[in-house]
Amino acid sequence: MPMQQPLTHLQRHTWEHRFANRAKNMNASEIRDLFALLDNSEIISFAGGFPDANLFALPQFRDGYQKSLQDSPAISLQYCASEGYLPLRRWIADFMRRQGVVCSSDNILITSGAQQAIEFLSRLFLEMGDPLAVSKPSYLGALQIFNAYEPDYRFFDGDGVSMASPGAGKAQPLKLIYANPDFSNPTGETMDVTARRRLIALARANDAPLIEDGAYSSLRYEGDPQPTIMQLDIADSGSIETSLVVYCGSFSKTMTPGIRIGWICAASQLINKLTLLKQSSDLNSSTINQMVMHRVADEMFDASVNTSREVYRQRRDNLIRALEDYMPRNVTWRKPEGGMFVWLTLPEGIDAKTLLAKAITGERVAFVPGRPFHADGSGGNTLRLCFSSCAPELAREGVLRLARLIAAETAESDAMAQAST
């Protein structure tokens with residue numbers, strides 16, 4: 001029997017013409033190859049937006065799986081309702097009520113993380129060319145989902161004020177609005193009540209659903225808690241059933257991301273429609289994972305969040321002090337009141353993507369360039385630092401290295417500018 005010949009270059013590249021049109025917007029990150037180097041223990045990373053794995057409630061999760069398998073094997077290893085495990089939905093409804101949102105389990109759909117929630121909502125509401133309003137910058141994971149539906153992007157700033165957008169002069173009303181109002185990814189900014197009301201007014205004026213991404217809302221370290229956008233809208237509209245706001249929550253930043261449990265809280269009519277999408281996507285999120293999350297959250301959610309708040313607050317403060325001590329004066333940032341991120345603006349003329357390559361190979365430090373967070377391709381001189389999973393002593397050293405590189409790049413840029421005049 002003749003040996004099988006290896007595939008030729010042409011034989012290996014015959015799929016592109018078979019893809020649907022929307023697949024053309026599904027591209028790998030331009031910095032993926034650079035991040036492949038991050039397994040190197042010598043590199044200090046501010047890149048991944050990860051919670052600290054040392055804060056995961058390992059004993060409680062281990063016990064949760066054991067008890068679920070021992071007490072309810074026929075339930076835990078079986079399919080469950082597409083809406084989700086009822087005790088967990090009831091727990092989430094109670095959690096939402098504590099956030100000022102009066103609702104019931106009928107208003108809750110369990111998803112495989114908040115990422116799936118955003119994808120379902122995009123699939124339900126967006127068609128090619130539909131006007132979609134997002135903040136500038138905005139959460140990269142949401143933009144990657146939206147891009148597949150080829151929307152017409154419109155923009156608003158951290159104060160909820162509409163900005164000049166490519167489609168601003170068109171008469172077509174907004175189809176959907178997306179906001180990450182609490183300690184946003186990537187900027188760490190928090191919208192005040194006035195900004196939240198502006199977005200509600202924008203949604204009402206356009207009769208457009210407003211997605212409130214609350215992934216980081218529990219991680220507040222200082223300042224007064226802000227009401228959820230959904231709470232404000234319900235106060236005006238009278239009920240969750242008449243609210244245009246759709247709240248997306250997650251346990252990924254407060255308990256653990258590995259179990260992949262998130263949720264959508266919305267009017268029951270919308271939940272019913274989204275349940276059909278869930279059925280056509282993966283039938284239901286893992287039953288045993290939902291059961292375990294319910295056990296652990298019911299036992300220790302508040303204690304776990306309080307521990308995370310204290311650890312992350314200290315790491316935020318440590319990073320801010322390092323920035324104040326080492327960064328050149330022409331680099332700016334804001335101190336976030338919570339969350340996991342600090343957003344840096346570099347001098348004009350310094351491209352953060354180019355800087356990243358030099359930072360990894362030269363200074364052994366990593367971050368995320370800001371341009372991918374901008375749907376219009378701007379923001380080349382911005383970058384995101386994540387402080388949640390970086391030990392304090394490493395964080396200070398990492399900022400020192402990064403500051404040294406930025407100072408050198410600034411001096412080189414200034415020298416080139418002078419030479420060209």
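Positions are given from 1 along the sequence.
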Verdict with supporting geometry, Leu86 and Ser105, side chain to side chain contact (heavy atoms under 4.5 Å, CB included):
CA-CA 7 Å; Leu86 183 57; Ser105 59; 3.8 Å; yes

Under 4.5 Å between any side-chain heavy atoms of [X] and [Y], yes or no?
X: Val305; Y: Thr307; value: no
X: Leu77; Y: Thr287; value: no
X: Ile240; Y: Cys265; value: yes
X: Val331; Y: Thr345; value: no
X: Phe125; Y: Tyr149; value: no

Which pairs pass salt bridge (charged side-chain N to carboxylate O under 4.0 Å, His left out) with one or both residues in residues 274-294, sequence neighbours excluded?
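Every pair satisfying salt bridge (charged side-chain N to carboxylate O under 4.0 Å, His left out) with a residue in residues 274-294: Lys278-Asp282.
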
Residue pairs, two or more places apart or on separate chains, that pass salt bridge (charged side-chain N to carboxylate O under 4.0 Å, His left out) and touch residues 51-62:
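Qualifying pairs, neighbours excluded: Asp52-Arg315.
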
Can you list everything that forms a side chain to side chain donor-acceptor pair (under 3.5 Å) with [X]? Sequence neighbours excluded, please.
X: Ser72; result: none
X: Glu83; result: none
X: Arg329; result: none
X: Ser217; result: Tyr247

Where do Arg321 and Asp325 land on the salt bridge (Lys or Arg N to Asp or Glu O under 4.0 Å) test, with the steps shown first?
CA-CA 6 Å; Arg321 284 194 298 269; Asp325 289 344; over 6 Å; no

Between Ser281 and Gln116, is a side chain to side chain contact (heavy atoms under 4.5 Å, CB included) present by the stated rule, with each step listed?
CA-CA 10 Å; Ser281 177; Gln116 186 182 62; 3.8 Å; yes

Partners of [X] by salt bridge (Lys or Arg N to Asp or Glu O under 4.0 Å), sequence neighbours excluded?
X: Arg90; answer: none
X: Arg260; answer: none
X: Glu299; answer: none
X: Lys67; answer: none

Go through Gln144 and Tyr139 one step at a time and tell me if the side-chain hydrogen bond (donor to acceptor under 3.5 Å, both in side chains) criterion holds.
CA-CA 9 Å; Gln144 290 174 321; Tyr139 169 48; over 6 Å; no

Could you tell me whether [X] and [Y] have a side-chain N and a carboxylate O separated by less than 4.0 Å?
X: Asp157; Y: Arg198; answer: no
X: Glu222; Y: Arg309; answer: no
X: Asp376; Y: Lys136; answer: yes
X: Lys358; Y: Glu363; answer: no
X: Arg204; Y: Asp236; answer: no
X: Asp302; Y: Arg98; answer: yes

Consider only side-chain N and O atoms of [X] and [Y], and report whether a donor and an acceptor are under 3.5 Å apart.
X: Ser268; Y: Glu241; value: yes
X: Gln314; Y: Glu310; value: yes
X: Ser237; Y: Thr242; value: yes
X: Tyr65; Y: Asn289; value: yes
X: Asp317; Y: Tyr312; value: no
X: Tyr326; Y: Arg396; value: yes

Report the C-alpha distance between Leu210 and Leu244 in whole Å, list the side-chain angles of each, state the deciding distance to 0.1 Å, and finish with yes or no for side chain to side chain contact (heavy atoms under 4.5 Å, CB included).
CA-CA 6 Å; Leu210 196 170; Leu244 285 174; 5.5 Å; no

All ring pair (Phe, Tyr, Trp, His ring centres under 6.0 Å) counterparts of Phe251, not counting sequence neighbours
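Applying ring pair (Phe, Tyr, Trp, His ring centres under 6.0 Å) to Phe251 gives Trp91, Trp263.
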
Is the number of heavy atoms from other residues, nucleotides or ligands under 6.0 Å of [X] [atom1] greater than 12?
X: Glu393; atom1: CD; answer: yes
X: Phe50; atom1: CZ; answer: no
X: Tyr79; atom1: OH; answer: no
X: Asp71; atom1: CG; answer: yes

When you look at Ser285 and Ser112, which way does the side-chain hydrogen bond (donor to acceptor under 3.5 Å, both in side chains) test go after all the steps?
CA-CA 6 Å; Ser285 296; Ser112 297; 3.3 Å; yes

Mind jotting down which residue pairs meet the side-chain hydrogen bond (donor to acceptor under 3.5 Å, both in side chains) criterion with at least one end in residues 178-190? Sequence neighbours excluded, please.
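Every pair satisfying side-chain hydrogen bond (donor to acceptor under 3.5 Å, both in side chains) with a residue in residues 178-190: Tyr178-Asp213, Asp182-Arg196, Ser184-Thr187, Asn185-Tyr216, Asn185-Arg384, Glu189-Arg334.
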
